[in-house]
*Asks:* 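Please read through the structure below; I'll follow up with questions.
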There are 2 protein chains.
Amino acid sequence: MKKKITIRDLAKEAGVSVTTVSQILNNKGDRFSTATQERVLALRDKYKYVPDFNARNLILKSAKTIGVLVPNIANPFFGTFVEGVQSIAREAEFIPLVFSANRDPKLEKYYLSQMIERSISGLVIASATMTTETIKEVISFNEIPYILFDQNHTQEGDRVQTNDYLGGQIAAKHLVELGHKHIAVLTSDNPTENLNHRMNGFKNIIKENNLSLAPINDVIRAPLTKDGGYKAAKDVLATGASAVFAANDEMAIGLLRGLHELDVKIPEDISVIGYDNIYWDDYVYPRLTTVQQPIFDLGAGATKMLIEQISHSSAEARVQNFPVKLIKRDSTSSYRPK
Amino acid sequence: MKKKITIRDLAKEAGVSVTTVSQILNNKGDRFSTATQERVLALRDKYKYVPDFNARNLILKSAKTIGVLVPNIANPFFGTFVEGVQSIAREAEFIPLVFSANRDPKLEKYYLSQMIERSISGLVIASATMTTETIKEVISFNEIPYILFDQNHTQEGDRVQTNDYLGGQIAAKHLVELGHKHIAVLTSDNPTENLNHRMNGFKNIIKENNLSLAPINDVIRAPLTKDGGYKAAKDVLATGASAVFAANDEMAIGLLRGLHELDVKIPEDISVIGYDNIYWDDYVYPRLTTVQQPIFDLGAGATKMLIEQISHSSAEARVQNFPVKLIKRDSTSSYRPK
DNA sequence: CTGAAAGCGCTAACAC
DNA sequence: GTGTTAGCGCTTTCAG
């Protein structure tokens, strides 16, 4: 790395003091003569001078950096979420530090400590494994502003969220309206609170319509991944249901594959509805009907809240709700008796 | 943010000098008595002291940060690539700063300047739009070590790469061996050098087998995206070919969807082979045959090289090659005359 | 209009 | 074994 040119170099060459240069470069130089200002500015451009970040922040105590903790960056759901974060961060000239913690609490703690060391100004947490204890212990201890997403709704703090209960209802209504009487559910073997809400909303509609959902037989549990959905196909088929609600699109897409391999026709033999509306839904076969969460907006909204909190440090905890809605595609159809 | 506890606080409480604390905390404290060492360490734990990053780096001049520039983080190819980067970075205690520049040169420059300001130690560039000029102008000017990936092979500098020519040959061989005589190609409307190599390898095998590839009719060009592949389906079909090689999996997957909507059966009516082996290939229908690039390893390998370069600043430009291989799945099959 | 001087929190020669 | 001291590059009072 070339030796960096410092503010002192500029000052010397301009024949002024370091103070002068500093003030002018930080737009606090009204009081200096236009000639001086122009000289300094010209010199900065000539040498492409960039103030040293560390030196600057050492004084300013703000790194304009926000941490983003997601389970898996290669997952398009979180990829899109992060893009939402980035779009807002960029506007506010914050830099996001993104970490993919792979649902590994140790990794999460490591990254967390790294972030604190780097004095991030705030944190967006989109990780279901981040426990209340970790948050209390590490984040609150350091009094770092943070925003939660996709968390157990029992936790405290500012958050963005969608109405999971409603989302579950929407999914159920769709299947019921298509005439399905026997509906199965594919959900996580280790559900977070928001997933429970989603499922409760679903069951609520089932019950209202006097349909049954046998808790044991019709509720299949598997990991919340494509592979989880894939491997659960046999069990889903065994329920004999004519429609199935998968707790998220990843699972639903895995399920699609599993059902194909079992020579089950979708939606003719069984309708499948997912949840999230990741951008892949249009590219699986058949195109996946789902309940949309505005993923990008969630990332953007969380970041907007966070930056507000950093700037004004508003005291009260706020919750921002985002809408969910049905996206009808080709994986669901009317019930046809066999 | 709570006022941070500083090294001075520790020193005072431990009844020793700041130097003592600093040395001990940096594992250079052999010369101090065990008692002192333990006292200091205990205090650090008690107060969860973390050295101030900015102050530290101001002296050390190393932020242990590497920049990573990718076109699109929500794209699983780059998501996986970034995970590879992260895995190595973490081992070496480097923090990756990941930017998704959306193939927008302005954004790329902005992020680049941000990174330089933050005195990153090195840069992994996985972006085809990053031109030689930008690299020269911004990166070389600041003498930042960098590693390229997926770039125009004409550029200078250390790099990781795969043998695209061979990859193209592998794809062609597979189709030829299946008995296909009339093969179409779906490639980028704005190809980078590595794509050209890929295509040249492909054409080489076609020619060797005395098959023709009409440059105009059989080479379809579209954006290198799912949507690009989707919209190109009609044109591909119009070639009358019994097999098609798509320049990457994204396009291939889009093409699959487009062909479905045209009621074309894959692989019965037309075989499709992609390139990259993104993890979605197993979850489209039919499962996509492709040429694998070791994406994770590429990210990891690039990062390993970069960190070596940062540490030892080895002079000579190095190139590390990664293997490619055929992954046979369900989207290709033997030629059957109609 | 301008600059001297203090100091952010830390590390590292160099004394003692 | 331990501490003094001098900065790292920058911003910011405050005194001209």
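To find a chain, count down the sequence lines: A is the first, B the second, and so on, and within it residues start at 1. Keep in mind that the numbers below use all heavy atoms, side chains included, and drop hydrogens, waters and symmetry copies. It should be emphasised that the depicted structure is a prediction, and the values quoted were computed from it without experimental measurement.
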*Asks:* Please tell me which of B:Q37 and B:I59 maps to the more 5' nucleotide of DNA chain D, matching each residue to the nucleotide holding its nearest heavy atom.
*Replies:*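 Its nearest nucleotide being more 5', the pick is B:Q37.
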*Asks:* Are OP1 or OP2 of C:dT2 and a side-chain N or O of A:T36 less than 4.0 angstrom apart?
*Replies:* yes
*Asks:* Report the distance from atom CZ of A:R31 to atom P of D:dT11, rounded to the nearest whole Å.
*Replies:* 13 Å
*Asks:* Can you work out whether B:N54 or B:T19 has the more 5'-proximal nearest nucleotide on DNA chain C?
*Replies:* B:N54
*Asks:* So which one's nearest nucleotide on DNA chain C is more toward 5', A:K61 or A:Q23?
*Replies:*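 Checking each residue's closest nucleotide, the 5'-ward one belongs to A:Q23.
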*Asks:* So B:S33, base contact, sugar-phosphate only, or nothing? Heavy-atom distance under 4.0 Å.
*Replies:* sugar-phosphate
*Asks:* In whole angstrom, what separates B:I7's CD1 from C:dA12's C1'?
*Replies:* 12 Å
*Asks:* Grab the CG-P distance between B:L60 and C:dA13 for me, whole Å please.
*Replies:*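 The answer, rounded to whole Å, is 11 Å.
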*Asks:* Indicate, yes or no, whether a donor-acceptor pair under 3.5 Å links the base of C:dT11 to the side chain of B:R56.
*Replies:* no
*Asks:* Checking contacts here: which listed nucleotide (C:dG9, D:dG3, D:dG9) is nearest the side-chain heavy atoms of B:T6?
*Replies:*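 Of the candidates, C:dG9 comes closest.
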*Asks:* Is the distance from OP1 or OP2 of C:dA12 to the nearest side-chain N or O of B:K28 less than 4.0 Å?
*Replies:*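 Affirmative; the distance criterion is met.
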*Asks:* Which residue in the set B:D52, B:T65, B:N57 passes side-chain hydrogen bond (donor to acceptor under 3.5 Å, both in side chains) when paired with A:R118?
*Replies:* B:T65
*Asks:* Give one of base, sugar-phosphate or nothing for A:F53, where a contact means two heavy atoms less than 4.0 Å apart.
*Replies:*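 Result for A:F53 = nothing.
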*Asks:* Can you tell me how far C1' of D:dT2 sits from CG of B:D30, to the nearest Å?
*Replies:*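 Distance check: B:D30 CG to D:dT2 C1' gives 14 Å.
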*Asks:* Rounded to the nearest 0.5 Å, what's the gap from CD1 on A:I144 to CD1 on A:I66? Could you check?
*Replies:* 12.5 Å
*Asks:* Rounded to the nearest angstrom, tell me the gap between atom CG in A:D52 and atom C1' in C:dG9.
*Replies:*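 Between C1' of C:dG9 and CG of A:D52: 14 Å.
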*Asks:* From the list C:dT11, C:dT2, D:dT12, which nucleotide is the closest neighbour of the side chain of A:F32?
*Replies:* C:dT2
*Asks:* Rounded to whole angstroms, how far apart are CD on B:E38 and P on D:dG1?
*Replies:* 13 Å
*Asks:* Tell me: CG of A:D9 to C1' of D:dC10, nearest whole Å?
*Replies:* 13 Å
*Asks:* Return the CZ to CG distance between A:R39 and A:L10, rounded to the nearest 0.5 Å.
*Replies:*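 These two atoms lie 12.0 Å from each other.
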*Asks:* Under a 3.5 Å cutoff, is there a donor and acceptor pairing between the side chains of A:S22 and A:T19?
*Replies:*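 Checked: A:S22/A:T19 side chains show no N/O donor-acceptor pair below 3.5 Å.
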*Asks:* For B:V16, report the nucleic acid contact type (base, sugar-phosphate, nothing); a contact means any heavy atom under 4.0 Å.
*Replies:*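 B:V16: backbone/sugar contact only, no base atoms under 4.0 Å.
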*Asks:* So, does B:Y49 get its side chain near the phosphate of C:dG9, meaning an N or O under 4.0 Å from OP1 or OP2?
*Replies:* no
*Asks:* Select from B:V18 and A:R8 the residue whose nearest nucleotide in DNA chain D is closer to the 5' end of that strand.
*Replies:*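 Residue closer to the 5' terminus by nearest nucleotide: B:V18.
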*Asks:* C:dT2 C1' sits how many Å from A:I24 CD1, rounded?
*Replies:* 10 Å
*Asks:* Look at the side chain of B:A55 and decide which nucleotide, out of C:dG9, C:dG3, D:dC10, has an atom nearest to it.
*Replies:* C:dG9
*Asks:* With rounding to the nearest 0.5 Å, note down the distance linking CG in A:D158 to CZ in A:F149.
*Replies:*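 So the gap between those two atoms works out to 15.5 Å.
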*Asks:* Below 4.0 angstrom from OP1 or OP2 of C:dT2, is there any side-chain N or O of A:T20?
*Replies:*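 So the side-chain polar atoms of A:T20 never come under 4.0 Å of the phosphate oxygens OP1 or OP2 of C:dT2.
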*Asks:* Looking at every strand, decide which applies to B:N26 at a 4.0 Å heavy-atom threshold: base, sugar-phosphate, or nothing.
*Replies:* sugar-phosphate
*Asks:* Please round to the nearest 0.5 Å and tell me the distance separating atom CD of B:Q293 and atom OG1 of B:T80.
*Replies:*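 B:Q293 atom CD to B:T80 atom OG1 measures 12.0 Å (nearest 0.5 Å).
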